[in-house]
Amino acid sequence: MSNSDATQTQKRRIAMVDDHTMLREGLQQLVDSQSDLTCCSTASNTQDALRALEKDKPDLLAVDISMPGRNGLELIKDALTLYPDLAILVISMHDEGFYAQRVLKAGARGYVMKDADGATLLHAMRTVLNGGRYLSPAMSEYVMDAFSGKSSGRSADGVQGLSDREFEVFQLLGEGKSTEGIAEALNISPKTVEVHRAHIRDRLKLENGAAVVRYAVRWVENQKLGVPM
């Protein structure tokens with residue numbers, strides 16, 4: 001084996017999953033420019049990502065949260081069911097305060113925002129590849145406070161108190177989807193969607209279904225603007 005071949009085999013293999021083509025291609029270029037990393041596959045949805053995992057056997061799965069059909073949380077759970085030792089890093093535009101704990105509970109090893117610079121993204125990837133966990137300093141402090149029982153200033157009530165499935169339904173409501181549209185997107189029955197909507201209404205202490213939709217729409221819009229609720 002030549003020295004160049006040996007170097008290539010030592011590169012850690014990264015699989016990218018994101019439904020935004022420009023971002024996906026940008027991350028691929030960033031990874032492929034490194035001497036120790038290479039992008040072995042890219043995908044824009046959960047189904048293609050799972051097929052690529054079986055074919056390419058990456059060392060790290062870098063995944064977004066928001067994707068068509070089954071979202072990133074479901075992909076994390078599916079991937080770890082099939083490949084329990086797979087390292088997973090979430091790279092997302094969404095506020096880590098709402099998602100980081102969810103993805104860690106699902107089995108991911110880190111969470112980094114898409115607006116992070118290239119050096120931070122690469123550091124997060126290498127940290128997770130080497131068996132560590134990566135969160136921003138602020139989120140790390142919050143998680144440590146939560147585990148130690150200290151008051152963090154955040155509440156488990158409200159949106160953070162929703163289960164993962166309730167949270168998915170809540171987001172899709174906020175994106176304007178109907179009960180039937182949510183059922184199709186999540187591959188569940190419309191009746192199950194209605195049950196989740198009722199639970200969301202109770203957890204958020206809202207008076208009716210219309211109030212749930214209004215709240216969800218406002219929450220989604222504020223998330224896009226980076227405005228807390």
Side-chain angles (χ1 to χ4, degrees), residues 12-19 24 27 31 37 39-114 116 120-148 152 154 156 159-172 185-188 196:
R12 312 295 292 277
R13 295 159 57 81
I14 315 294
M16 302 278 187
V17 189
D18 195 295
D19 64 334
R24 194 169 62 242
L27 286 172
V31 166
L37 304 174
C39 182
C40 64
S41 67
T42 64
S44 61
N45 58 66
T46 296
Q47 186 176 12
D48 290 346
L50 289 173
R51 281 197 291 263
L53 287 179
E54 182 178 7
K55 174 177 176 290
D56 297 307
K57 303 294 191 296
D59 300 298
L60 172 70
L61 175 65
V63 59
D64 190 11
I65 290 290
S66 298
M67 288 183 294
R70 292 170 68 79
N71 69 13
L73 278 172
E74 295 304 311
L75 173 55
I76 292 168
K77 296 172 185 176
D78 290 345
L80 290 175
T81 297
L82 297 170
Y83 310 102
D85 297 326
L86 178 64
I88 300 178
L89 173 69
V90 172
I91 304 175
S92 178
M93 63 177 281
H94 295 292
D95 177 12
E96 63 181 350
F98 284 98
Y99 284 93
Q101 287 194 92
R102 291 181 187 273
V103 302
L104 291 176
K105 287 178 181 177
R109 298 185 192 172
Y111 193 103
V112 62
M113 300 287 288
K114 284 183 177 178
T120 299
L121 288 169
L122 291 170
H123 173 63
M125 288 180 183
R126 292 185 175 109
T127 297
V128 170
L129 278 166
N130 291 328
R133 297 186 182 274
Y134 181 86
L135 293 171
S136 72
M139 196 63 207
S140 294
E141 183 177 356
Y142 167 65
V143 170
M144 290 300 294
D145 283 349
F147 277 114
S148 66
S152 63
R154 294 177 186 257
V159 176
Q160 287 206 41
L162 300 178
S163 70
D164 287 345
R165 180 60 91 190
E166 289 164 355
F167 192 48
E168 286 183 287
V169 171
F170 178 79
Q171 283 185 288
L172 292 171
L186 300 180
N187 196 29
I188 57 179
H196 286 309

Inset, instruction - Give the C-alpha distance, both sets of side-chain angles, the deciding distance and a yes or no for side-chain contact (heavy atoms from CB on, under 4.5 Å) between E168 and L186. - result: CA-CA 8 Å; E168 286 183 287; L186 300 180; 3.6 Å; yes
Inset, instruction - For the pair E54 and R51, evaluate salt bridge (charged side-chain N to carboxylate O under 4.0 Å, His left out) and give the outcome as yes or no after the intermediate values. - result: CA-CA 5 Å; E54 182 178 7; R51 281 197 291 263; over 6 Å; no
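- A donor-acceptor pair is defined here as one N or O able to donate and one able to accept, closer than 3.5 Å; no such pair exists between the side chain of D19 and the backbone of S44.
- The one candidate from L37, D85, V128, L129 that meets the side chain to side chain contact (heavy atoms under 4.5 Å, CB included) condition with D59 is L129.
- Side-chain contact between I91 and M125 is present, with heavy atoms from C-beta onward closer than 4.5 Å.
- More than 12 non-hydrogen atoms from other residues, nucleotides or ligands lie less than 6.0 angstrom from CG of N130.
- Side-chain atoms of N45 come within 3.5 Å of backbone atoms of Q47 as a donor-acceptor pair (strictly under, hydrogens ignored).
- Here CG of L75 is found 7.0 Å from CG of L53. Values are rounded to the nearest 0.5 Å.
- One distance of note links CG of L121 with NE2 of H123; it measures 11.0 Å at 0.5 Å rounding.
- Separating the CZ atom in R24 from the OG1 atom in T42 is a distance of 5.0 Å, to the nearest 0.5 Å.
- Rounding to the nearest 0.5 Å gives a distance of 10.5 Å between OG1 of T127 and CG of L122.
- By the neighbour-count criterion of 12 heavy atoms within 6.0 Å, atom NZ of K57 is densely surrounded, having more than that number from other residues, nucleotides or ligands.
- Within the 4.5 Å cutoff, side-chain heavy atoms of L73 are placed close to those of R102.
- Taking CG of L27 as the start and CD1 of I14 as the end, the distance is 10.5 Å to the nearest 0.5 Å.
- Residues V112 and Y134 have side chains in contact (heavy-atom distance under 4.5 Å, counting atoms from C-beta outward).
- Closest approach of M16 to C39, counting heavy atoms only: CG-SG, 3.7 Å.
- Taking a cutoff of 4.0 Å between a charged side-chain nitrogen and a carboxylate oxygen, K114 and D18 qualify as a salt bridge.
- For L80, the side-chain contact (heavy atoms from CB on, under 4.5 Å) test picks out I76, L86, I88, with sequence neighbours left out.
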